[in-house]
Engineer: 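Quick one: structure below, then a few questions.
So you know, we letter chains A, B, ... as the sequences are listed, proteins then strands, and number each from 1.
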Amino acid sequence: MTDALAEIDGLEVAFAGHDGALVPAVRGVSLTVRRGERLGIVGESGSGKSLTGRALLGLLPPEAEWSAKALHFEGQDLLAMRPKARRRLCGTRMSMVLQDPKYSLNPVMTVAQQMRETFARQGVKESGRRLRERIVKALEAVHIHDPQRVAHAYPHELSGGMGQRVMIAMMVSAGPSLLIADEPTSALDVLVSMQVLSVLDEMIARHDTGLVFVSHDLPLVMSFCDRVAVMYGGRVVETCAARDLVHATHPYTRGLLEANPPLDNPPGELPTLRRDPAWLDEGTPR
Amino acid sequence: MKPARTGLRAWLSTDTPASPRQAALGRAYRRWRRFSSNPLSMFGLAILLLLIAVAAFGPMLVTRDPLQQVLAERLTPPGAAHWFGTDQLGRDILSRLVHGSRLTLAIAMLVVVLVVPVGLLIGTLAGYCGGIVDTLLMRVTDVALAFPKIVLALAFAAALGPGVLNAVIALSITAWPPYARLARAESLRLAQADYIHAARLQGASHLRVLLRYIVPLCSSSVIVRATLDMAGIILAVAGLGFLGLGAQPPSPEWGYMVAAGRNVLLDAWWVATIPGLAILAVSLAFNLLGDGLRDVFDPRHGG
Amino acid sequence: ATPKDMFVMATLLDEFTSLDPGEIYELVPEEYVANTYDRLVRVDLKDPSKFNGDVAESWTVSPDGLTFTFKIRPGLKFHSGNPLTADDVAWSIARTALLDKGAAAVLAGIGLTKANAAQNVKKIDDTTVSITTDRRYAPTFVLNVLGSWPASVVDRKLVESHAKGNDYGNEWLKTNEAGSGAYKLVKWTANDSIVLQRFDGYRMPLAMKRIVLRHVTEAASQRLMIQNGDIDVARDLSPDDLDTLSKNGVIKASAVPQATLMYLGLNNKNPNLAKPEVWEAMKWLIDYQGIQKNVIRTTYKVHEAFLPEGFLGALNENPYHQDVAKAKALLAKAGLANGFTVKMDVRNDYPYSEIAQAVQANLALANIKVQLVPSDNKQTLGRYRARAHDIYIGEWSADYIDPHSNAQGFAWNPDNSDASSYKMLAWRNAWNIPQLTKETDAALAESDTKKRAQLYEKMQREMLAQSPFVIMFQKVSQVAARPGVTGLEVGPINDLVSYRNLKKQ
Amino acid sequence: MSTVTLNRSRLGGVLIALALARWIAMLAVTFTGLLAITFFIGRKIPIDPVLAILGDRASAAAYAAARLRLGLDKPLIEQFVIYARDVLHGNLGISLLTANPVIDDIKRVFPATLELATLSTFIGVAIGVPLGVAAAVKHNRIVDHIARVIGLAGSSVPVFWLALMGLLLFYARLHWVSGPGRIDPLYDGMVDTRTGSLLVDSIIAGEWDVFKNAFSHIALPAGVLAFYSIAYLSRMTRSFMLEQLSQEYVTTARAKGLPERRVIWRHAFGNIAVPLLTVIALAYSYLLEGSVLTEIVFAWPGIGSYLTGALLNADMNAVLGSTLVIGATFIALNLLTDALYRVFDPRAR
Amino acid sequence: MIEIDRALIRFRTKTGHVDAVRDVSLRVETGEVFGLVGESGSGKSTLLRALAGLTPLAGGSMHTGSRPDRPARRDVQMVFQDPYGALHPRFTVDKTLREPLSINGIGDEDARILAALAEVGLGPAFRFRYPHQLSGGQRQRVSIARALIVEPRVLLLDEPTSALDVSVQAEILNLLRRLHRERDLTMILVSHNLAVIGFLCQRVAVMRNGEIVEQLGIDAVRARNVAHEYTRRLLRATEGYVRGQGA
Ligand SMILES: Nc1ncnc2c1ncn2[C@@H]1O[C@H](COP(=O)(O)OP(=O)(O)OP(=O)(O)O)[C@@H](O)[C@H]1O
Ligand SMILES: Nc1ncnc2c1ncn2[C@@H]1O[C@H](COP(=O)(O)OP(=O)(O)OP(=O)(O)O)[C@@H](O)[C@H]1O
Ligand SMILES: [Mg+2]
Ligand SMILES: [Mg+2]
């Protein structure tokens with residue numbers, strides 16, 4: 001508890017359905033992230049991974065009905081904070097990288113314009129050439145080959161991998177102590193996503209950032225993260241060290257693991273997941 | 001969960017319909033649920049239903065002849081004898097309103113019948129075929145768009161002679177280009193959809209794809225748009241009436257009533273204002289309905 | 001409010017297609033010409049059988065009644081500063097005939113045509129002009145014609161300096177002015193305003209320095225403007241507007257009967273409408289009093305004969321009133337007991353469509369189902385002139401206040417063929433009347449005023465009894481003026497409206 | 001390397017020339033279409049132009065002469081060719097109704113309409129756009145409901161009713177504004193016509209009294225028209241904004257810690273600016289020709305009532321001339337918004 | 001049997017043209033499942049569309065060995081990547097499946113529809129649902145059923161599982177494998193997941209930048225016996241993330 005960077009306790013999120021009744025999307029999720037730790041959140045589509053990540057930054061969609069027993073970040077009580085103060089934490093102390101660079105960068109602003117904003121938020125007072133240099137440096141840090149050109153480019157002129165790297169450069173430049181990466185590689189080609197991951201890896205190592213890595217790719221999370229939380233139906237069904245995931249006990253986690261076809265010695269038929277409604281009501285493991 | 005669902009509702013809202021009819025009804029029901037959850041849309045629908053009811057049964061209930069002139073009672077203010085007062089020729093405004101509701105409905109329907117098919121056809125053809133057909137049709141549309149609509153409408157109305165029908169035709173002729181554009185944009189998007197490719201792969205002819213796949217999908221957005229424009233059309237018919245090209249006196253067309261009432265507006269507000277309010281209510285209703293329909297049919301909302 | 005020496009009047013200026021007195025023919029433009037140009041003589045508004053000299057000092061008629069000789073006032077000047085001479089007068093009158101536009105039809109009434117104008121209008125010397133008619137006419141008639149706007153005196157020197165080819169300066173004069181009247185044109189903005197300025201060289205003092213005519217189409221707008229004092233006079237207010245405003249003391253309204261008649265023209269090309277019984281039945285069906293009292297209370301009065309009140313020989317008895325039974329009997333006699341269906345062309349402005357609807361309701365009482373065909377004025381007139389109507393409802397205005405103007409309109413049809421070159425009202429309704437045509441010509445030639453009046457009375461009686469014209473109302477001009485505004489002299493026709501004596505307190 | 005760039009720039013030149021040629025061809029086609037349709041429709045209207053110039057009592061001979069003079073005896077195609085040739089020579093002919101060259105009439109009436117439309121569009125943008133943004137941001141809250149009601153009312157209230165009521169209230173009762181017309185007769189002609197807009201001309205001339213008077217005349221009609229602009233623009237802005245606010249990049253901007261105001265105006269609004277311009281141009285062009293009724297009630301000598309009058313009197317030169325001018329303005333507006341798209345929307349480049 | 005010989009596919013663009021597929025030749029035997037991998041934009045989808053006849057060839061030739069007695073189209077069917085865009089939103093499952101039958105004049109519609117649904121593992125309860133009432137995996141099954149109902153000989157699969165969760169992916173892969181076994185279908189499968197390719201295919205071609213850089217049997221892949229650097233990197237990526245691997 002002492003070195004907990006961020007803590008979520010009893011997060012509930014629900015949306016009004018067509019007939020007005022509330023449909024729960026996240027049910028009583030509790031998680032902690034330590035400094036310098038990479039926490040993976042995995043689970044099927046719709047299991048509430050993104051919502052959990054967003055709740056920390058206070059970026060849930062306006063139509064969401066939500067509540068939490070506690071939200072702590074660096075010892076501050078986020079629930080008691082005014083929205084403006086909370087927003088001020090974003091981009092400086094905590095950041096988020098979104099899934100698809102095609103949609104998550106503003107299409108009508110150049111990379112430099114968008115990065116300049118971030119620097120301004122971080123209290124960088126420089127301008128003109130100095131600021132330009134800083135931007136170029138930040139782009140270089142994420143291994144972009146032609147940072148001068150990219151700085152002047154619009155998002156649609158960049159490839160997916162480049163866009164994702166720009167996002168990372170933008171979000172990590174302040175050296176936040178918490179970074180939430182919401183499926184940062186799922187829109188990318190396998191090889192490109194490896195490159196992006198290594199950039200991410202490097203950046204968090206440099207800033208000793210705590211990372212929440214949201215993904216539905218179990219093998220990837222296993223190899224990339226320190227600890228993994230498995231979500232099902234808005235609930236965390238299992239949390240364990242990443243390297244122990246192969247030995248996971250929960251049938252859901254096992255099902256997900258085994259559904260991946262192995263390259264070597266594939267079975268004649270892949271085992272499929274048989275869902276058990278009882279999973280939704282199990283007690284949440286810490 | 002509400003377990004106490006009635007049989008019919010469960011039948012309608014089931015995820016596993018057993019017949020095409022049940023599926024279609026179920027879909028309609030779902031849309032209806034969505035539509036009816038918005039009180040404003042429901043309000044609009046209620047007004048329109050009222051209008052339809054008035055058009056259907058009103059003339060039987062309001063027995064006073066809408067054309068009967070009692071010159072001595074001209075410009076009687078609203079009161080017990082005439083709820084909505086009388087006009088310059090001593091005709092009862094209430095009964096004129098009631099009888100005129102059919103005309104107003106007819107205008108609305110005519111517009112849908114005239115504008116929607118033309119715009120839809122031109123737009124989908126251009127969007128789906130692309131190439132030279134697209135260029136050609138869109139050029140025509142551009143010319144039509146660059147045209148002062150008032151000239152076209154007036155010219156057609158003057159050429160066709162006055163009358164509600166002709167006014168509506170004239171307006172429809174000027175009104176289709178935006179619909180064609182809308183339909184084109186939609187079908188451009190749809191033509192690239194995978195299910196269109198799949199249909200082509202299975203041997204569906206271009207005509208079949210156009211008529212069975214593209215047109216139905218575009219029509220809802222075009223119809224929604226038409227609903228939203230309906231108010232404008234009713235008012236435009238009234239506007240043509242104002243210029244003397246709309247309804248023929250003594251027909252109780254609402255727009256014409258407003259236009260004719262403006263001569264006495266300063267002394268007898270009700271003559272122009274009451275039919276004006278009726279138009280307002282109906283166009284408001286169409287607008288609310290259109291907003292509601294857009295919510296229901298918008299592909300982003302699914303369903 | 002408007003300044004003391006400025007007079008602002010709201011009216012309709014959309015009829016101005018030209019400012020050339022030799023070309024115009026519409027009512028409001030005539031009014032403009034009447035105040036910017038002089039002419040030989042003008043009718044005495046108080047006694048329309050008398051004439052006052054305008055640029056003419058005196059005149060004589062030759063014993064054969066064909067030649068009229070005018071003595072011109074000396075020392076008159078045009079707005080341009082050029083002197084006004086007999087030469088200008090003769091040239092101007094001949095010019096209108098030679099231009100042969102709409103206005104020429106009036107001069108044709110005394111036989112001045114394109115072919116003979118040059119010989120028949122002659123300058124004798126610098127102060128004398130003589131005009132010869134093609135045959136003998138009643139002298140008052142000739143003076144009426146010569147006292148109307150087509151005979152306005154234009155500044156020959158100025159106009160000729162702007163002549164283009166053979167146009168007698170028409171193109172220039174369309175948008176300019178070259179007169180000697182009380183007011184001169186400062187600025188004409190089509191469909192917006194006409195600004196007139198006092199002519200300081202005029203032969204009598206003028207109180208108003210500037211006169212502005214403003215084009216305000218909406219009667220309601222006119223009403224609000226006069227109420228707010230932004231205009232001094234409104235000319236197109238409805239009876240309801242007039243009532244309210246007079247009651248509130250905002251305006252003083254003065255009524256002047258006009259030489260304008262509202263009538264139905266029944267086209268004899270329609271077999272049903274060719275029957276005299278149907279004509280008469282229609283006359284019995286109209287609720288003249290009811291319509292007048294309720295719809296057009298102050299702006300029209302009931303009048304059924306073809307000469308408006310105030311004209312020589314005008315018959316001021318209105319024998320018809322609504323009598324449905326009589327009408328039905330007549331229709332039955334015509335074999336139309338169950339009525340019939342006809343169309344009625346009506347222009348789509350106030351008050352025509354209101355009156356048309358009332359008439360429609362009246363005719364429906366005897367099962368005559370009238371379908372209204374409202375169109376713009378020009379369209380309706382076009383169909384009327386093409387004899388393509390069934391019933392036409394509209395107005396006829398006299399060009400000058402001589403009975404012939406209307407007799408020619410209603411009771412004269414020398415050639416009923418489609419190719420006729422005289423397309424007056426009788427022709428338009430395909431009413432073939434050799435007898436009445438002769439009577440009209442005879443009355444025109446009668447130089448004895450009393451006898452002439454009798455002739456017209458007889459014709460009016462005949463027409464009342466039997467004609468395809470259901471004459472219903474005579475227009476009454478209501479001039480709504482702000483209190484303190486006096487001296488706007490309005491005659492029975494716009495050509496006789498004078499701004500000269502306008503005053504504001 | 002250098003040859004490649006050279007090639008590329010030459011290719012670019014050719015492409016631009018091609019695009020320009022295409023564009024000019026398109027313009028020519030559009031214009032000819034406009035001209036032809038107006039011409040033939042105009043000739044089909046059952047109104048006799050001779051009636052308008054000679055009146056209904058002129059002799060048959062005078063009639064025949066006038067028809068000959070107007071060239072109405074020639075075949076329709078020939079008439080059209082003659083007209084098109086004149087237009088190409090910059091000659092729009094003489095108006096039958098006002099006896100002025102059509103071009104002069106248009107120089108007078110078009111600026112009047114332009115002035116009115118521009119002012120109303122300004123008001124419409126100044127109020128409608130922020131209202132729409134506010135409605136989208138406060139979705140389903142009070143502001144949103146107000147904006148929706150205004151938007152609906154704007155598409156439902158008859159313009160002539162609103163205009164007359166406005167006159168009654170603000171002019172006759174409250175005396176806040178001046179009445180119908182562009183200016184009081186007292187001030188008429190006091191400033192030289194330069195732009196045709198009285199407001200601008202009086203500022204140039206430094207005549208503040210004239211400016212004040214002209215402004216008090218234009219305020220109400222502009223306000224009435226602006227009501228419709230506000231309704232339409234707020235509605236469109238709202239729906240554009242709603243769409244943008246649900247985009248991922250907005251979340252990114254928030255995650256960067258930008259203040260909400262910047263997220264809304266710089267990011268979301270930055271993305272709707274260009275489509276919004278198109279919509280504004282559309283609304284503007286609608287006002288340029290759609291304000292006939294307002295012009296009539298306010299005795300505003302604009303192109304709408306000019307065109308209507310001309311049409312009803314078969315004054316073909318005037319009809320064709322104004323149609324051309326309006327059409328040209330529309331096309332110009334279209335091209336302008338296209339160009340703006342190209343300049344301001346990086347994706348369209 | 002599918003034979004592609006020096007295929008060239010060209011798209012016109014604003015500034016000229018791009019050759020999305022260049023000089024591609026390959027041969028797929030009847031009854032074989034052939035894999036296509038490659039980076040994004042390498043021309044995989046374009047090649048498939050050309051095989052289906054949806055995109056014209058600019059050069060070279062292609063044969064799908066369709067039987068002469070029936071329209072070529074029916075012999076080649078395609079399953080698309082995005083299960084959400086592949087079904088007409090206004091058609092029920094029943095109508096979606098009925099369309100190809102009525103287009104091609106194949107009778108006995110009801111029986112065939114039920115059989116096709118059963119074949120892809122959907123019960124009759126799904127027959128009258130609309131696409132929005134189906135999950136992604138179910139939609140993909142309907143797409144497959146629609147392709148199969150006209151009894152094609154060649155099935156083209158363009159990343160049929162990349163939009164789906166692993167658990168659903170497993171179901172679809174099982175289904176495809178069973179269908180291949182039972183029907184003797186020739187299939188081409190596009191994927192960028194080598195493991196997926198390995199599960200279904202016998203041979204695989206690696207595409208890059210519009211060209212095929214390497215063709216090899218699946219056993220060679222398993223044995224890591226590959227020649228091209230790109231393929232090697234792809235193989236390494238299947239093992240997950242390795243710290244310090246670098247970009
Ligand atoms: N704006 C919203 N309105 C209504 N429901 C929503 C909204 N956002 C999310 N949901 C619902 O909340 C649930 C969880 O959503 P969330 O985005 O957290 O899923 P996820 O685990 O990130 O899935 P994926 O892997 O597909 O991104 C889903 O069932 C989704 O339908
Ligand atoms: N209609 C088109 N017009 C122009 N270029 C196109 C068109 N379709 C595809 N391309 C281009 O052709 C190339 C190959 O595209 P394709 O879709 O075949 O790639 P892919 O291998 O399927 O990629 P992914 O894995 O992302 O689906 C790309 O560079 C693409 O930009
Ligand atoms: Mg997610
Ligand atoms: Mg692809």
Engineer: Mind ranking Ala172(D), Gly179(D), Ala66(D), Pro180(D) by heavy-atom pairs under 4.5 Å with chain C and telling me who comes out on top?
Structural biologist: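 Highest number of heavy-atom pairs under 4.5 Å: Pro180(D).
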Engineer: For the atom pair CG (Leu164(D)) and CG (Leu224(C)), what is the distance rounded to the nearest 0.5 Å?
Structural biologist: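 Rounded to the nearest 0.5 Å, the CG-CG separation comes out at 7.5 Å.
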Engineer: Rounded to the nearest 0.5 Å, what separation is found between the OG1 atom of Thr98(D) and the CG atom of Leu19(C)?
Structural biologist: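 CG of Leu19(C) is found 10.0 Å from OG1 of Thr98(D).
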Engineer: Test your reading of the model: is there a side-chain donor-acceptor pair from Asn228(C) to the backbone of Tyr171(D), 3.5 Å cut-off?
Structural biologist: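 Yes: the side chain of Asn228(C) pairs with the backbone of Tyr171(D).
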Engineer: Counting only non-hydrogen atoms closer than 4.5 Å, does Phe16(C) touch chain D with its backbone (N, CA, C, O), its side chain (CB onward), both, or neither?
Structural biologist: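 Phe16(C) touches chain D through backbone heavy atoms alone.
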Engineer: Is atom OH of Tyr63(D) surrounded by more than 12 heavy atoms (other residues, nucleotides or ligands) closer than 6.0 Å?
Structural biologist: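 Yes, enclosed.
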Engineer: Top residue by heavy-atom pair count (under 4.5 Å) with chain D, among Ile24(C), Asp100(C), Thr217(C), Val212(C)?
Structural biologist: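 Top option by heavy-atom pairs under 4.5 Å: Asp100(C).
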Engineer: Closer than 3.5 angstrom, by distance alone: can the side chain of Arg108(D) be matched with the main-chain N or O of Ala190(C) as a donor-acceptor pair?
Structural biologist: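 Answer holds: yes.
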Engineer: For Val297(D), does its backbone N or O pair with a side-chain atom of Ser221(C) as donor and acceptor, under 3.5 Å?
Structural biologist: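 Checking the backbone N and O of Val297(D) against the side chain of Ser221(C), a donor-acceptor pair under 3.5 Å is found.
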Engineer: Evaluate the side-chain proximity of Asn100(D) to Lys174(C): yes if any heavy-atom separation is below 4.5 Å, no if none is.
Structural biologist: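 They are not in contact (no side-chain heavy atoms under 4.5 Å apart), so the answer is no.
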Engineer: Please look at Leu186(D) and chain C and tell me whether the side chain, the backbone, both or neither of the residue comes under 4.5 angstrom of a heavy atom of that chain.
Structural biologist: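 Contact with chain C is through both the backbone and side chain of Leu186(D).
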Engineer: Please classify the contact between Lys187(C) and chain D as side chain, backbone, both or neither, with a heavy-atom cut-off of under 4.5 Å.
Structural biologist: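 Contact with chain D is through the side chain of Lys187(C) alone.
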Engineer: Give, for atom CG of Asp192(C) and atom CD1 of Ile183(D), the distance between the pair rounded to the nearest 0.5 Å.
Structural biologist: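 Rounded to the nearest 0.5 Å, the CG-CD1 separation comes to 11.0 Å.
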Engineer: Mind listing the closest non-hydrogen atom pair of Gly181(D) and Arg214(C) along with its distance?
Structural biologist: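 Looking at all heavy atoms of both residues, the closest pair is CA-NH2, 3.2 Å.
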Engineer: With chain D as the partner, which of Val195(C), Val216(C), Thr175(C) has the greatest number of non-hydrogen pairs under 4.5 Å?
Structural biologist: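 Among Val195(C), Val216(C), Thr175(C), the one with the most close pairs to chain D is Thr175(C).
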Engineer: Let me know if Ser193(C) has heavy atoms under 4.5 Å from chain D in its side chain, its backbone, both or neither.
Structural biologist: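 Looking at Ser193(C), just its side chain touches chain D.
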Engineer: Of the listed residues (Lys101(C), Arg385(C), Met424(C)), which shares the most heavy-atom pairs with chain D below a 4.5 Å separation?
Structural biologist: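 Heavy-atom pairs under 4.5 Å are most numerous for Arg385(C).
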Engineer: Chain D heavy atoms under 4.5 Å from Met225(C): which part of the residue, side chain, backbone, both or neither?
Structural biologist: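 For Met225(C), heavy atoms of backbone and side chain both lie under 4.5 Å from chain D.
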Engineer: Flag yes if more than 12 heavy atoms outside Glu171(C) fall under 6.0 Å of its CD atom; otherwise flag no.
Structural biologist: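 Atom CD in Glu171(C) is not packed in, count stays at 12 or less.
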Engineer: Tell me, side chain or backbone of Leu168(D) under 4.5 Å from chain C's heavy atoms, or both, or neither?
Structural biologist: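 For Leu168(D), backbone and side chain are both near chain C.
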Engineer: Thr189(C), Asp399(C), Asn377(C): which one forms the most heavy-atom pairs within less than 4.5 Å of chain D?
Structural biologist: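 Max contact count across the listed options: Asp399(C).
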Engineer: Check this for me: Tyr422(C), atom OH, are more than 12 non-hydrogen atoms of other residues, nucleotides or ligands nearer than 6.0 Å?
Structural biologist: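 Open.
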Engineer: Examine whether an atom of Arg428(C) lies under 4.5 Å from a heavy atom of chain D, and if so say whether it belongs to the side chain, the backbone or both; otherwise answer neither.
Structural biologist: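 Contact with chain D involves the side chain of Arg428(C) alone.
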Engineer: Side chain, backbone, both or neither: which part of Arg173(D) has a heavy atom under 4.5 Å from chain C?
Structural biologist: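 Nothing of Arg173(D), per the 4.5 Å heavy-atom cut-off to chain C.
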Engineer: If you define the side chain from C-beta out and look only at heavy atoms, does anything of Pro301(D) sit under 4.5 Å from Asn191(C)?
Structural biologist: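 The answer is no, as the side chains (C-beta and beyond) never meet within the 4.5 Å cut-off.
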Engineer: Which heavy-atom pair separates Thr17(C) from Ala99(D) by the least distance, and what is that distance?
Structural biologist: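 Smallest heavy-atom distance, with atoms named: O-CB, 3.4 Å.
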